[in-house]
Amino acid sequence: MPEGHTIHALAARLNRTLGGEAISVSSPQGRFASDAAVIDGRRLDQASARGKHLFLDFDDLTLHVHLGLIGTFHVKPRDPLGPAGTPARLQLEGRRYVAELRGPMICALVDEPTRAAVLAKLGPDPLHAPDVPSGSERGWERISMSRKTIAELLMDQAVVAGVGNVYRCEVLFRHRIDPFTRGRDLGRRLWDDVWEDLVTLLPLGMAFSQILTMQDQVAAAAEMVADGSSLAITETLSGERLGDHFDRRFHTYKRTGEACDRCGRRIRAELIGGRTLYWCPGCQRRRKR
DNA sequence: ATCATATGCTAAT
DNA sequence: TTAGCCTATGATA
């Protein structure tokens, strides 16, 4: 579930549904009980996201959340009925909505220096407006120095914040980049294209709570954003259902052995650094442009 | 029922 | 490079 677009959408959703209210905070599962008691009853001033990190400001206290690989943070209208599910690590109850956090990698109260340290380690975030103009230069500073492959570098949050395995594989395909190209061997313009594309793709992913990389879907989504009809979508999404506005289609992600839409070669997969890289050996040969 | 895998990341080796 | 963590889901038996 969680790449940067998910976390930014979540922050926005928390602000819409629980922002400004006094929140009943608890830990049904128990593991966060003592900290939950400290926050309980305080007002949620602001939720914010950077890369894959989420921060919830309650008065002078900051809660740091990172979903990791399997974490979920469901925000739904309060409903006394409905299935209970496994007990949440953290539960936030407002007047109209409830948020339930399960399986996070990080859920902890942090002080300001700690928050600053987290932010300082992150590279430019395509969804953080101030990073957009400088992002290609900042990313390039690390990429152009590195002997690591561009596939590995795109997963490094110090290079770009918010990109995960799906965006990595898909953006490399979109620019026909050989994923095994070392950073120092990658052409600058090719990286600039990637950054620019991420600046387009992540906001669309955020708006629709779904990773969109197929050009027909990207174009349709962009048009809906441009003419304002995505606002209605966002409201619909803010109800409950996420990520099923477009059908789920990717160029390479989880398509091992299938024929590439563009060239017909079989999509390949390889475990690299503990993560599965998917790519098309026919299309992805570029190192320079 | 059980198993493998997952859109992450860190610490230990 | 590997083990480990946390939970849900889809495939397999």
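As the structure is a prediction and not an experimental result, all values here were calculated from the model. Every chain is numbered from 1, with letters handed out A, B, ... down the list of sequences.
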Could a donor-acceptor pair under 3.5 angstrom be found where the side chain of A:Arg275 meets the base of B:dT5? no
Using the P atom on both, measure B:dT13 against C:dC5 and round to a whole Å. 13 Å
Is the shortest side-chain N to carboxylate O distance from A:Asp261 to A:Arg255 below 4.0 Å? yes
For A:Leu69 and C:dT9, give me the distance from atom CG to atom P, rounded to whole Å. 14 Å
Integer angstrom distance from the P of C:dA3 to that of B:dT5: 14 Å
Side-chain atoms of A:Met105 come closest, of C:dT7, B:dT7, B:dC9, to B:dC9
Closest to the A:Thr86 side chain, choosing from C:dA8, B:dT7, C:dC6: C:dA8
Salt bridge between A:Glu21 and A:Arg96, side-chain N to carboxylate O under 4.0 Å? yes
Any side-chain N or O of A:Tyr167 less than 4.0 Å from the OP1 or OP2 oxygen of B:dG8? no
Quick one: A:Lys148 NZ to C:dT1 P, roughly how many Å, whole number? 11 Å
Check the distance between B:dT7's C1' and A:Arg248's CZ and give it to me in whole angstrom. 8 Å
Under 4.0 Å, heavy atoms only, any strand: does A:Ile211 hit a base, just the sugar-phosphate, or nothing? base
In whole angstroms, how far is the C1' atom of B:dT7 from the CE atom of A:Met155? 8 Å
With the side chain defined as heavy atoms from C-beta on, A:Lys254 is closest, among C:dA8, B:dA6, B:dT7, to B:dA6
So, does A:Gln29 get its side chain near the phosphate of C:dC6, meaning an N or O under 4.0 Å from OP1 or OP2? no
Whole-Å P distance, C:dC6 and B:dA1: 24 Å
Selected nucleotide, minimal atom distance to A:Arg89 side chain, candidates C:dT7, B:dA6, B:dT7: C:dT7
Candidate nucleotides B:dT7, B:dC9, C:dT7, ranked by approach to the side chain of A:Gln157 - the nearest: B:dC9
A:His64 NE2 to B:dG8 P: how many Å, rounded? 15 Å
Without decimals, in angstroms, what is the distance between A:Phe73 CZ and B:dT7 C1'? 18 Å
Kindly point out which of B:dT7, C:dT7, B:dG8 is positioned nearest to the side chain of A:Ile70? C:dT7
Below the 4.0 Å mark, does B:dC9 have OP1 or OP2 next to a side-chain nitrogen or oxygen of A:His66? yes
Using atom CG of A:Leu67 as one end and atom C1' of C:dC5 as the other, report the distance to the nearest whole Å. 14 Å
Looking at A:Lys288 and A:Asp185, is any side-chain nitrogen of the basic one under 4.0 Å from a carboxylate oxygen of the acidic one? no
Tell me whether the OP1 or OP2 atom of C:dA8 has a side-chain N or O from A:Arg102 closer than 4.0 Å. yes
Check whether any side-chain heavy atom of A:Phe208 lies under 4.5 Å from a side-chain heavy atom of A:Phe246, and answer yes or no. yes
Carboxylate-amine/guanidinium proximity below 4.0 Å for A:Glu137 and A:Arg188: yes
How is A:Phe250 classified with respect to the nucleic acid when contacts are heavy atoms under 4.0 Å: base, sugar-phosphate, or nothing? nothing
Within 45° cone of A:Tyr278 ring axis and under 6.0 Å: A:Arg268 NZ or CZ: no
Nearest whole Å is fine: how far is C:dC6 P from A:Leu101 CG? 14 Å
